[in-house]
Amino acid sequence: MTKQTQQTLHNIFSNYMQEKTNFFKNRDALSSDYIPDDTPHRDDQIKNLGSILAPTLRGAKASNIFLYGKTGTGKTVITKYVTGELNKMNESIKIVYINCKMKRVSDTEYRLLAELAREMGRKVPATGLPTVQVYQMFLDCLDEKKTNVILVLDEIDALVKKIGDGILYNLTRINQNLKNSRVSIIGISNDTSFTDDLDARVRSTLSEEEIIFPPYNAAQLQDILKQRAELAFHKSVVEPGVIEKCAALAAQEHGDARRALDLLRMASEIAERLGKNRVTIDCVDRAEDKLDLDRVVEIVKTQPKQSQAVLASIIRLVEGGKKNIETGDVFSVYERICASSGLKVLTQRRVSDLVAELDMLGIINAKVVSKGRYGRTKEIRLQLGKRALERIRGVLKENYLIRDSIMEGAK
DNA sequence: GTCAATTCACATGAAAGAGACCACGGTCTAGTG
DNA sequence: CTAGACCGTGGTCTCTTTCATGTGAATTGACGA
């Protein structure tokens with residue numbers, strides 16, 4: 001390292017330190033899992049949830065509760081807030097919060113149970129034990145503690161989608177197997193129609209009470225942002241109009257407060273990086289771009305190689321000017337890509353699934369169409385902006401799945 | 001011209017295999033007293 | 001005698017393959033007017 005680079009690095013760091021102190025009072029206040037003391041426009045839900053959970057203070061079992069609402073409507077924050085307060089009142093109440101969407105939890109019944117047992121303070125191996133045994137461990141744990149347990153299952157719809165509702169059935173009936181403890185379940189779901197495809201018995205026991213979280217409108221989002229901005233920034237760092245813009249953009253996406261906060265946070269980070277002394281509206285625009293871009297690139301990066309190879313073949317076809325890309329086309333290009341990069345060739349069946357996965361991720365758009373006599377297939381289209389495409393090409397190139405020449409592969 | 005049968009090119013499902021990982025218990029080995 | 005190394009067994013997890021079945025409309029071909 002030369003002296004000069006050392007010097008510039010030093011400058012970067014010291015600038016950063018200075019700006020940080022000038023800019024942010026408390027950066028965390030803009031993070032989406034920050035739990036503020038005051039949550040605007042959610043009084044009803046708080047009161048409701050509070051009164052349902054109140055019986056636990058006297059050692060009784062609370063009704064099971066189901067919370068609905070789109071992403072970023074405050075379900076998680078409110079739940080954490082209320083249960084936190086409850087815990088302050090009576091520390092013997094044990095709150096177990098589990099986000100079912102976390103990779104290491106959601107995939108199988110075993111993992112969920114292991115995580116539950118772990119939350120209760122028992123060590124469980126990541127794999128190796130029979131599932132029944134883990135269930136028993138969890139039960140023992142619960143019973144020997146003699147407490148009132150509130151079990152919060154966040155994003156419960158993801159769980160059921162993966163492993164079915166059998167486990168919920170067991171959980172809802174868990175009280176019958178317990179002598180000393182009581183368990184109440186709070187289920188949180190983004191999907192309002194979620195309970196429709198639940199087993200009837202599970203549905204009735206799980207949603208004894210229901211609370212709905214409607215989306216925020218733009219004005220409400222503004223209140224939230226203002227409150228958080230107050231906490232996060234020093235005085236008058238944010239230009240007028242910035243908060244309004246963030247709120248408006250997020251309101252377009254079903255009133256997602258998380259999105260609004262992300263925008264504001266990203267905008268301020270951009271302002272910071274550009275060395276501005278205030279957050280401008282222009283920064284919000286850039287933030288919106290960057291958030292989308294980052295999301296997509298991150299997704300592609302974390303995909304397994306096979307999936308990337310499939311994406312690469314789609315990109316090749318698109319750049320070769322092919323219209324109406326079908327599964328068969330993708331597969332034959334994919335075969336060649338595998339051959340040239342030494343990757344194992346998967347069956348068409350599998351590739352078809354990979355295409356469906358890419359569709360789920362929103363990177364491509366795959367629509368099943370029937371072409372009558374000429375079969376039935378997926379019509380595949382890329383759903384990437386120009387800049388995103390460029391960066392993804394970069395990622396794929398790193399893995400030798402794509403080369404510079406666009407001509408190759410065109411047909 | 002009409003209508004049912006055919007046909008294509010996959011989609012979609014279910015089940016099962018391969019190869020990881022891991023815990024647990026038993027056996028072997030070397031170090032210690 | 002004991003701690004640790006080293007199996008073998010039995011369990012789960014993820015990614016795949018194999019086998020089977022499903023599907024929607026363009027096309028075909030028989031049929032009747």
Side-chain angles (χ1 to χ4, degrees), chain A residues 98-141 155 158-167 170-171 197 299-314 317-318 322-339 341-383 399 401 411:
Chain A
I98 288 196
N99 187 336
C100 304
K101 219 171 192 173
M102 306 258 287
K103 187 83 181 171
R104 69 170 196 282
V105 178
S106 69
D107 289 0
T108 64
E109 184 172 2
Y110 180 94
R111 288 200 178 158
L112 179 73
L113 287 170
E115 187 65 22
L116 284 172
R118 227 171 276 144
E119 285 286 324
M120 295 300 299
R122 169 97 42 124
K123 278 196 181 158
V124 180
T127 155
L129 295 179
T131 308
V132 184
Q133 198 172 327
V134 181
Y135 185 70
Q136 198 54 49
M137 282 168 84
F138 175 54
L139 275 184
D140 293 347
C141 254
E155 317 242 19
L159 177 76
V160 172
K161 208 171 274 170
K162 279 257 174 164
I163 58 179
D165 52 11
I167 188 170
N170 286 337
L171 283 179
D197 29 85
I299 289 174
V300 172
K301 257 190 201 162
T302 53
Q303 282 308 297
K305 270 211 160 180
Q306 291 290 355
S307 180
Q308 291 188 1
V310 173
L311 180 59
S313 28
I314 294 170
L317 283 165
V318 169
K322 178 131 173 61
K323 281 265 171 192
N324 297 336
I325 300 168
E326 297 172 6
T327 310
D329 305 329
V330 174
F331 186 67
S332 52
V333 176
Y334 159 82
E335 276 181 310
R336 273 189 282 152
I337 288 182
C338 283
S341 62
L343 215 55
K344 196 185 153 204
V345 182
L346 300 180
T347 48
Q348 182 154 343
R349 174 73 186 80
R350 181 67 187 135
V351 171
S352 170
D353 277 351
L354 290 176
V355 169
E357 276 168 34
L358 288 172
D359 178 39
M360 287 274 288
L361 294 170
I363 295 169
I364 62 173
N365 186 313
K367 206 172 83 191
V368 180
V369 289
S370 180
K371 301 187 156 194
R373 189 63 212 273
Y374 305 107
R376 200 168 134 78
T377 180
K378 284 200 187 93
E379 228 171 64
I380 299 163
R381 242 177 277 169
L382 270 182
Q383 271 203 319
N399 292 333
L401 294 173
K411 209 164 111 183

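Numbered from 1 within each chain, the chains take letters A, B, ... in sequence-line order. Computed from a predicted model, the values in this text were never measured in an experiment.
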Rounded distance (Å) that lies between atom [atom2] of [N] and atom [atom1] of [X]:
X	N	atom1	atom2	result
A:K367	B:dT12	NZ	P	14 Å
A:R350	B:dG13	CZ	P	15 Å
A:D353	B:dA11	CG	C1'	9 Å
A:Y334	C:dT16	OH	C1'	10 Å
A:Q303	C:dT14	CD	C1'	14 Å
A:L354	B:dA11	CG	P	12 Å
A:L113	C:dC13	CG	P	10 Å
A:Q306	C:dT17	CD	P	8 Å

Atom NZ of A:K305 and atom CG of A:L311: how far apart are they, to the nearest 0.5 Å? 14.0 Å

Taking A:E335 for the side chain and A:V345 for the main chain, is one N or O donor matched with an acceptor at less than 3.5 Å? no

Between the main-chain N or O of A:K344 and the side-chain N or O of A:Q306, is there a donor-acceptor pair closer than 3.5 Å? yes

Describe the nucleic acid contact of A:V355 in one word from base, sugar-phosphate, nothing, applying a heavy-atom distance below 4.0 Å. nothing

No-H, no-angle donor-acceptor pair, A:R376 side chain to C:dT23 base, under 3.5 Å: yes

Does a distance-only test, which skips hydrogens and angles, find a donor-acceptor pair under 3.5 Å between the side chain of A:R349 and the base of B:dG13? yes

Please output the side-chain donor-acceptor pairs of residues 323-330 of chain A that fall under 3.5 Å, not counting sequence neighbours, one pair per line with the distance.
{"from": "A:E326", "atom 1": "OE2", "to": "A:K371", "atom 2": "NZ", "distance (Å)": "2.8"}
{"from": "A:T327", "atom 1": "OG1", "to": "A:T377", "atom 2": "OG1", "distance (Å)": "3.4"}
{"from": "A:D329", "atom 1": "OD2", "to": "A:E326", "atom 2": "N", "distance (Å)": "3.1"}

Mapping A:G375 and A:K378 onto DNA chain B by nearest heavy atom, which one lands closer to the 5' end? A:G375

Side-chain N,O ([X]) to OP1/OP2 ([N]) below 4.0 Å:
X	N	result
A:Y374	C:dA25	no
A:S352	B:dC10	no
A:T347	C:dT17	yes

Among B:dT7, B:dC10, C:dT17, the one nearest any side-chain atom of A:R373 is B:dT7

Using heavy-atom distances to pick each residue's nearest nucleotide on DNA chain C, tell me which of A:V345 and A:S370 is more 5'. A:V345

Just so I know, are the side chains of A:D359 and A:K378 near enough to count as touching, which here means a heavy-atom distance under 4.5 Å? no

